[in-house]
Amino acid sequence: MIDLLTIFVLAVFVGFEVVSKVSTILHTPLMSGANAIHGVILVGAILITGNAESALELVLGLLAVFLATVNVVGGFVVTDRMLEMFKGHKR
Amino acid sequence: MIDLLTIFVLAVFVGFEVVSKVSTILHTPLMSGANAIHGVILVGAILITGNAESALELVLGLLAVFLATVNVVGGFVVTDRMLEMFKGHKR
Amino acid sequence: MTVQLVYLVAALCFILALKGLSTPRYARAGNLIGAFGMAIAVVTAYVHGAVHNGLLILVAMALGVVVGIPAARSVKMTAIPQMVALFNGVGGAAAALVALAEFLAVPTSSVLFRVATVLTVLIGSVSFSGSVVTFLKLQELMTSRPVVLPAGQVVSVGVAVVSVVLAVAVSVFPSGFLLVLLALAGLALGVLFVLPVGGADVPIAISLLNAFTGLAVAASGYVLANTLLIVAGTLVGASGTILTRLMAQAMGRPLTNILFGAFTAPALVAVAGEQRTVRSGTVEDVAILLGYAHSVVVVPGYGLAVAQAQHAARELVHLLETRGVSVSYGIHPVAGRMPGHMNVLLAEADVPYEQLKELDDINPGITSVDVALVVGANDVVNPGARDEPSSPIYGMPIFDVDRARAVVFMKRSMRPGFAGVDNTLLYNDKTTLLFGDAKDSLTKLLAALKQL
Amino acid sequence: MTVQLVYLVAALCFILALKGLSTPRYARAGNLIGAFGMAIAVVTAYVHGAVHNGLLILVAMALGVVVGIPAARSVKMTAIPQMVALFNGVGGAAAALVALAEFLAVPTSSVLFRVATVLTVLIGSVSFSGSVVTFLKLQELMTSRPVVLPAGQVVSVGVAVVSVVLAVAVSVFPSGFLLVLLALAGLALGVLFVLPVGGADVPIAISLLNAFTGLAVAASGYVLANTLLIVAGTLVGASGTILTRLMAQAMGRPLTNILFGAFTAPALVAVAGEQRTVRSGTVEDVAILLGYAHSVVVVPGYGLAVAQAQHAARELVHLLETRGVSVSYGIHPVAGRMPGHMNVLLAEADVPYEQLKELDDINPGITSVDVALVVGANDVVNPGARDEPSSPIYGMPIFDVDRARAVVFMKRSMRPGFAGVDNTLLYNDKTTLLFGDAKDSLTKLLAALKQL
Amino acid sequence: MRVGTPAESRPAERRVACVPETVAPLVEAGLTVLVQEGAGRHAHAVDAAYRAAGASVVPDDPVGDVNVVLSVQPLTVDQARNLRQGDITISFLSPATEPDLVRLYAERGVTSFSFDLLPRVTRAQSMDALSSQALVAGYRAVLIAAERLPRFLPMFTTAAGTVPPAKVLVLGAGVAGLQAIATARRLGAVVEAYDIRAAAAEEVRSLGARFLELDLEKQDGVYASAQSEEFLERQRELIGERVAASDVVITTAAVPGRRAPVLVTTDMLKAMTPGSVVVDGAAESGGNCAGSVPGEDTWVGEVLVHGALNLPSGMPVHASKLYARNVLNLLKPMLVDGAVVPDMTDEVLAGCCVTHDGVVRKELP
Amino acid sequence: MRVGTPAESRPAERRVACVPETVAPLVEAGLTVLVQEGAGRHAHAVDAAYRAAGASVVPDDPVGDVNVVLSVQPLTVDQARNLRQGDITISFLSPATEPDLVRLYAERGVTSFSFDLLPRVTRAQSMDALSSQALVAGYRAVLIAAERLPRFLPMFTTAAGTVPPAKVLVLGAGVAGLQAIATARRLGAVVEAYDIRAAAAEEVRSLGARFLELDLEKQDGVYASAQSEEFLERQRELIGERVAASDVVITTAAVPGRRAPVLVTTDMLKAMTPGSVVVDGAAESGGNCAGSVPGEDTWVGEVLVHGALNLPSGMPVHASKLYARNVLNLLKPMLVDGAVVPDMTDEVLAGCCVTHDGVVRKELP
Ligand SMILES: NC(=O)c1ccc[n+]([C@@H]2O[C@H](COP(=O)([O-])OP(=O)(O)OC[C@H]3O[C@@H](n4cnc5c(N)ncnc54)[C@H](OP(=O)(O)O)[C@@H]3O)[C@@H](O)[C@H]2O)c1
Ligand SMILES: NC(=O)c1ccc[n+]([C@@H]2O[C@H](COP(=O)([O-])OP(=O)(O)OC[C@H]3O[C@@H](n4cnc5c(N)ncnc54)[C@H](OP(=O)(O)O)[C@@H]3O)[C@@H](O)[C@H]2O)c1
Ligand SMILES: NC(=O)c1ccc[n+]([C@@H]2O[C@H](COP(=O)([O-])OP(=O)(O)OC[C@H]3O[C@@H](n4cnc5c(N)ncnc54)[C@H](O)[C@@H]3O)[C@@H](O)[C@H]2O)c1
Ligand SMILES: NC(=O)c1ccc[n+]([C@@H]2O[C@H](COP(=O)([O-])OP(=O)(O)OC[C@H]3O[C@@H](n4cnc5c(N)ncnc54)[C@H](O)[C@@H]3O)[C@@H](O)[C@H]2O)c1
């Protein structure tokens, strides 16, 4: 428990620090990238569904898997498109 | 075990990030401050000594306590003195 | 153990992804690393955790891919923010569903577990419904104006209180029904939270909801005792919070205005009717506007002289040129207070004569100028001189900077220029005001540009 | 649980401490927060963990305080680096002792545990002996020159191999005797590591040893299964590593030179004898030199004109002035290639006449000038004109910048000036060369100064 | 309709009211343009160039032959006698100094416009010949001073010692004064300036010069109004010390329609460093400096006083070019179908119209 | 020993070899200093100031009365006749143009030093009167051109249209040429320059001007050496087009001891814009520009050619101050116990010594 808390605290710091110097121009891509990352709930959804015992659980789990997948693939693809735009700019 | 590893990895990141933008002028104080912090081995030394069973352990532990204390108090005090010097600079 | 190690590697990938995404140079690589981390995590989870229902899961994932990729591919560049909002929303929903399902599976575990569940469900639902509303707003399926309901504040506070009560209740007495009620309350809260947020602030709200989803995922990590979810969710939560603050700062908006959008009416939103509003930007905004422009025209005026900012202007132009921006100076015949005032100053700063352009050089191509940077000029860019026969300065030729793609105005206040005439350009949508002494502003701008 | 929470808070304090210490504004507060965190951690450890020997521990700690505080208080500012080295060394020793003691107490635990123990002991001893040697060097109790032992490389490699073998051995067959041997090998390794490091590089070596100690502490955290030690040790290890790299960069030294000091001879060390060496610095070095000076004299010459660096020079001076540095220009009667060359240029850059000083204004007070910044001048600061009757320029009055506290030379190469005469000032100990076009260098310097 | 430009006949006038560049637009507008032979001589505008631009070059004075006369200086009384009812003249013309000419214009029903009276509103800036010529005057005043000064203006540090920068004092910071400040600064002098208008302080500083703050009331408005003799006395007292400390003094103080205020007295001149130079830009309207004679260098002790006489005329090419553009810009709104038809309800034209339809529209002394 | 300064008697010379500031150090060194009444008149150095500095002001020419004579121009033959064995003179003195005077000096056993021959070594820079006076000449050349040009030098964007910056071409970028470049740039002109010395290109650019790269060999060394007529012909061909494109040409090309090369021909002048101005800084040594007459303004078609005559003399206060310092710096190493004793083994003194002990030490024509 305390280890998880420690992990949480450290992750908060890493999250803060990593992002704190971002240039304004990257705000939106960064937001979108982070958005894709929280799609990791897909892992949770798979685990839940993989162990579902009732039908309700299964339905909820499958819905979660579907939604999380949309989040993940959509998120990474959109972010990449945005960044392509940047690459296109001269210099 | 894996939690400790996670903690380790996250701590590495925090350590990297927190320091990565330091201005040259603070190199020495930062080094000295970090030096004081690793004096936290004092905690370990106390725990060991507090549970020492053999005389050898006790001697080693007490020596460790002594040395770690020097590290801690000396480290923080020296750092503070250095920073005072900075404060003294006009502007 | 191996599974855990893979998760750890995935978490590492996510950290590196965020790190990459914060520097222009590595942004793309960062995104790819993130995707890689996600891939190995998902595969591992599937291989190791999909004990039952493996096929169904695959189908659900395939469906997700089929929906997600084309949506992300086909969306217009301008519609990306609402797309991000939508993806964020479904992520939140997924988190809430996961917690709900787990709760149904193991309803009678410890209080801590239930607290985590409650948090996941609540935050997940807020995030979902809030995101959907922002999507509707940005897609203009509903008004993008702030919607202030009658008694909106009272309702919001009410729903918030209900949510808290429900949350505490579920934590103490595990009950599926209450949990569903809580989810509904969360959905309402999300809607109420976003409704009063107006046009320009919506992206900030999205960012905040994004951070919320991160927290929901982290909480679900506790529910499932899964370190990866905890780390990744926390990362997103923390970085999203910081990012939200940065975005609010960059737009010059106090974050509280947005956070408590439901309770306080936003401060600077364009209100229809009489009172005209101006948009004042930050030095960073302007730096980006300039730094990523292709062509810039600098229009100096008397304020440049008063501020003795000629050297600073020259440096700025020089820096922009080294970035590949094409820049020229628009020298108006009566800029300043004596004939040739600008010439004298710019010659002193050693600006090459070739960069000095006149009305006839600039105006014909002005519509393809990305940014017109007006440095302490006023009358010489006042569209009233062109459009309003009643204006005392009607008939003076001006630089038509109102026809450029964007205008940045550097002056100290809203005071008019020599002619004492109000300048409608200050209230134009395209215009960003940078208040302060021109030399100060230019110096700061220079520093900001170097950071880009 | 409460104990763990306190440790978590302490860890948090340490993170904040490092964060604070990296910005001038919060550095002091950071240090205090660190001390606070340490205090609560130690008190908790004592209350909770000093089951036996409480009094003895108190006495040992009291002794530590009695030794540590006066030492830290009384040390001269100039001797601080060696003091830090010493504190670092005792920290390393403490870590090694803790691991040793724990090993003696529980010799037969898992391999992982033994690996951690071995690492703690090895790194701790290296750190201890290495720190002691750096202390001796800086305190000039031994030569501060790099000491290259005959066959030093072979010996170093040998000891390193022995250490690795011992480490593996102890990990596999727990043996107190072997562990002590390992500690001895570590001590030898530390000495061998630091001996070949020369004068200017010693601080970098200290920083690296500091990071080592951090790692030793982290490893001891595994040994004791104590999260606080892991977190704090890792923090110091990681930040120390980065810091070491930054320091090496700031001094323009490749880190490998220092890391493998035992194996490669350092590159730029002043060798006694015939060949004269020059010291070329980085823009950052010079920025610090200037930024923290009280008085600076800028001596421009023909190179300023060639580079057309007059505007850049003016900006630099302006920036220094806003930092509170008092700056003037030393205008030599024959600087440049025509009478009044510097006047023309500096007037163009709008340098106020009052800042232009002549030989008689500067030379009498030159010894109290902190930095003389020579921008593309050469003959006009050549001490040969004053000191060497055989020199073709003997008899020309010069700026006696060799008598200033420090000299920074900006030029592109080692080529002489108009008179074609070599300039001994370039080889002076006080002189830092900044090679490159004067305008480039000044622009970079400006950027670096703004970072300070 | 016919537009004509005579060769200037008043003394010391080397400018011309119409240059080849401004002929073309008039011809395009359907007017016939006549230019007297050699009118552009000093301005290096040769007859051939006028012809190339579409003008007819005529051997004699075209006045009387044309409907609109463009000139720099006011016409002579002789020329005016040749004008007919409805003819238009455009030139500088100060009613206060030319009352007879003005009366003659009115008698003959001539419509006369004077640049001296052009309202200084935003729209009229492109017609503002006072400004364009003052620009030239301010620039030339400094060149004249620098040429006569036995010292350097800029600072030089040389092997033979250091020469300090010259100190230049500019009194009156209108258009000419500001340009003088800018030019002196360009040449490296240390410049300070004074004006009684409140807005001048910021304007002076906006050129990087020092504004001399005197303990005197300031005036608002575009033009200075006449000052009382006590005021001027106080001003002279306060200025004295700064004049003595200067190597060059350039005066351009003026009050429209009045004698220029005397700001520099003989005593002040005597207190200046030997070899100093004063350029009195207001010499023609009475002089800001005691003893200045228009067009002449006068030694007062060891100080040289140059009385300016028609400074813009000393740089005829560009002065003419700017003036001719001002003329063209004034004419433009009057051009209607190949004719010149002034709209007397236009505030700008009304403001600078001296006589129209037999009426003298401004006060005469 | 006695040191004396006569009033300059050659025409067009307004400088003086000794100013009150340089009297004091000589008096302190134990010398008696005599200055002829009114010698500093043009340089605004009044007799009283000389007296205050410790000099005796004498009504008549002190030559013959003193051991050391300081002057700007070479003495006249009449003055030289009054000199005695061992007397010392310091002045400009070109053996090539004054062979008679030099022979007379030698006959009378006079030791004469000439600034024209001073070696240009580092140590001698503070004595280098050629440099100090060329500084003045370059500055004045631009002022003279600007004063005569009927156009602006700087660019102006005004309500009456835009005036482009003037184009200035400087030929010969020695000390005077470089200063001319700097001054013209200060006034806002667009400047380009040419010189045959290889080092000049960088020097010109170091002043922010454009260097005209011509397809001609470059020369090394401090001074230019004489060029063949073919070379000059090629040079003129290449330069022609740039001259035509310029509003102002300033020439300062010289080869020590030779006639100045002719760089600008009448044809080139005719191709220039009407109203352009050429200042020929080398007019006295034959002229870089065809048809220039020292001290006169000549019109060649519509182009004005000013032949410079003793440019430094036009700014006597500072020119004298710098010259007098050069003189003092040359004297300083000779001062031994209140006497002036030149050490002929000193390379600088030996280099600029024309006659000594009855011997003419330089070639005469
Ligand atoms: N060129 C001539 O010959 C001449 C002669 C006389 C009059 N005029 C008239 O002057 C006007 C010239 O137009 P313009 O656009 O150059 O000037 P302007 O219309 O007078 O506007 C100047 C602007 O600069 C701002 N400003 C003043 N000091 C500043 C500082 N230190 N930093 C930043 N901004 C500063 C002022 O706004 P804040 O106060 O809000 O900062 C003001 O709005 C025209 O109306 C023209 O007719 C021209
Ligand atoms: N003032 C006069 O009237 C006059 C006239 C003629 C001769 N001189 C002589 O000129 C000399 C003047 O002394 P000084 O100290 O000014 O000049 P200097 O001795 O000629 O030295 C100039 C230095 O600037 C450096 N430099 C050249 N271009 C540069 C660039 N773009 N960026 C950075 N550095 C650059 C050169 O070194 P790198 O090549 O290594 O960069 C050179 O060592 C004296 O010897 C004087 O006697 C003076
Ligand atoms: N259209 C426009 O907006 C426009 C165009 C050009 C000029 N102007 C304005 O016109 C005004 C002056 O123009 P001008 O140069 O023709 O003026 P001017 O020639 O009439 O007078 C010159 C200056 O002398 C000053 N002066 C008068 N008495 C003085 C005294 N006793 N001491 C010191 N100074 C004294 C005046 O204040 C004025 O600045 C300025 O305010 C200028 O900004 C306006
Ligand atoms: N002590 C010193 O170190 C010192 C001091 C002052 C000057 N100098 C050097 O003396 C040199 C010139 O001095 P100066 O001004 O007395 O020279 P100068 O008066 O003899 O000649 C002026 C210039 O004319 C140039 N010239 C000759 N023929 C030309 C041609 N056909 N076309 C174009 N240009 C031509 C010469 O190269 C020279 O630069 C420079 O190299 C300068 O650096 C050295």
Side-chain angles (χ1 to χ4, degrees), chain A residues 4 7-8 11-12 14-16 18-20 22-27 29-52 56-58 60-80 82-83 89-91, chain C residues 14-15 18-19 21-22 27-28 31 34-35 38 41-42 45-46 49-51 53 56-57 60-61 63-65 67-69 71-72 83-84 87-88 90-91 93-95 97-98 100-101 104-105 207 210 213-214 217 220 224 229 231-232 234-236 238-240 242-243 247 250 284 288 324:
Chain A
L4 292 187
I7 288 174
F8 174 73
V12 166
V14 174
F16 279 6
V18 149
V19 166
S20 64
V22 64
S23 62
T24 329
I25 197 84
L26 281 172
H27 282 174
L30 179 56
M31 175 170 85
S32 172
N35 173 42
I37 289 173
H38 66 47
V40 73
I41 188 65
L42 177 54
V43 167
I46 291 174
L47 295 180
I48 278 282
T49 320
N51 293 294
L56 183 57
E57 264 181 73
L58 182 61
L60 289 180
L62 283 177
L63 189 56
V65 169
F66 166 70
L67 292 178
T69 309
V70 172
N71 185 175
V72 166
V73 297
F76 282 116
V77 172
V78 145
T79 310
D80 197 55
M82 251 185 275
L83 293 172
H89 195 283
K90 75 179 155 220
R91 143 169 168 89
Chain C
F14 294 158
I15 295 179
L18 290 178
K19 222 174 134 58
L21 280 165
S22 6
R28 232 173 151 203
N31 190 46
M38 188 63 76
V42 169
Y46 185 79
V51 185
N53 312 320
L56 284 176
I57 293 175
M61 284 186 6
L63 271 179
V65 171
V67 171
I69 290 192
M83 192 52 31
V84 173
F87 292 150
N88 179 51
V90 299
L97 292 175
V98 166
L100 209 58
L104 298 179
S207 175
N210 190 36
T213 308
V217 171
S220 79
L224 304 177
L229 296 193
V231 173
T234 311
L235 278 176
V236 175
S239 62
I242 291 289
L243 185 58
M247 285 170 80
E284 285 73 23
I288 289 158

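A/L47 touches chain C through backbone and side chain together, each having a heavy atom under 4.5 Å away. Contact annotation for C/S207: both backbone and side-chain heavy atoms come within less than 4.5 Å of a heavy atom of chain A. For chain A, no part of C/A71 is nearby; none of its heavy atoms comes within less than 4.5 Å. Residue contact with chain A, scored on non-hydrogen atoms closer than 4.5 Å, involves the backbone and the side chain of C/M61 alike. For chain A, the nearby parts of C/L56 are the backbone and the side chain; heavy atoms of each come within less than 4.5 Å. When heavy atoms are compared at a cutoff of 4.5 Å, C/N53 approaches chain A solely by way of its side chain, counted from C-beta outward. Only the side chain of C/V67 comes within contact range of chain A, with at least one heavy atom under 4.5 Å from a heavy atom of that chain.
Contact count against chain A (heavy-atom pairs under 4.5 Å) is highest for C/F87 among C/F14, C/F87, C/Y46. Between chain C and the residues A/A36, A/G61, A/G44, the most heavy-atom pairs under 4.5 angstrom are made by A/G44. With respect to chain A, the highest number of heavy-atom pairs below 4.5 Å among C/V231, C/L235, C/N88 belongs to C/N88. Per-residue heavy-atom pair counts under 4.5 Å with chain A were compared for C/G91, C/G214, C/G64, C/G68, and the maximum is reached by C/G64. With chain A as partner, the option from C/N210, C/V98, C/I69, C/V217 having the largest number of non-hydrogen pairs under 4.5 angstrom is C/N210. When each of C/V51, C/N31, C/L18, C/V65 is scored by its heavy-atom pairs under 4.5 Å with chain A, the top score falls to C/N31.
The heavy-atom pair separating A/M82 from C/V84 by the smallest distance is CE-CG2, 4.3 Å.
In terms of modelled atom types and a separation under 3.5 Å, the side chain of C/S22 and the main chain of A/V18 share a donor-acceptor contact.
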Next item on the list: Take A/V12 and A/F8 through the test side chain to side chain contact (heavy atoms under 4.5 Å, CB included) and record every step on the way to the result.
Entry: CA-CA 6 Å; A/V12 166; A/F8 174 73; 4.0 Å; yes

Next item on the list: With side chain to side chain contact (heavy atoms under 4.5 Å, CB included) as the test, would you mind laying out the steps for A/T79 and C/L21 before giving the verdict?
Entry: CA-CA 10 Å; A/T79 310; C/L21 280 165; 4.1 Å; yes

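For the atom pair CG (C/L97) and CD1 (A/I48), the distance works out to 10.5 Å, reported to the nearest 0.5 Å. Interatomic distance, CG of C/L100 versus CG of A/L60, reported as 5.5 Å (0.5 Å rounding).
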Output side-chain donor-acceptor pairs under 3.5 Å for residues 62-78 of chain A, partner residues at least two apart or in another chain, one line each.
residue	atom	partner	partner atom	Å
A/T69	OG1	A/V65	O	2.5
A/N71	OD1	A/H38	ND1	3.1
A/N71	ND2	A/N35	O	3.1

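Side-chain contact check for C/V42 versus A/I46: some heavy-atom pair is nearer than 4.5 Å.
In this structure, C/S239 has no side-chain hydrogen bond (donor to acceptor under 3.5 Å, both in side chains) partners at least two apart in sequence or on a different chain.
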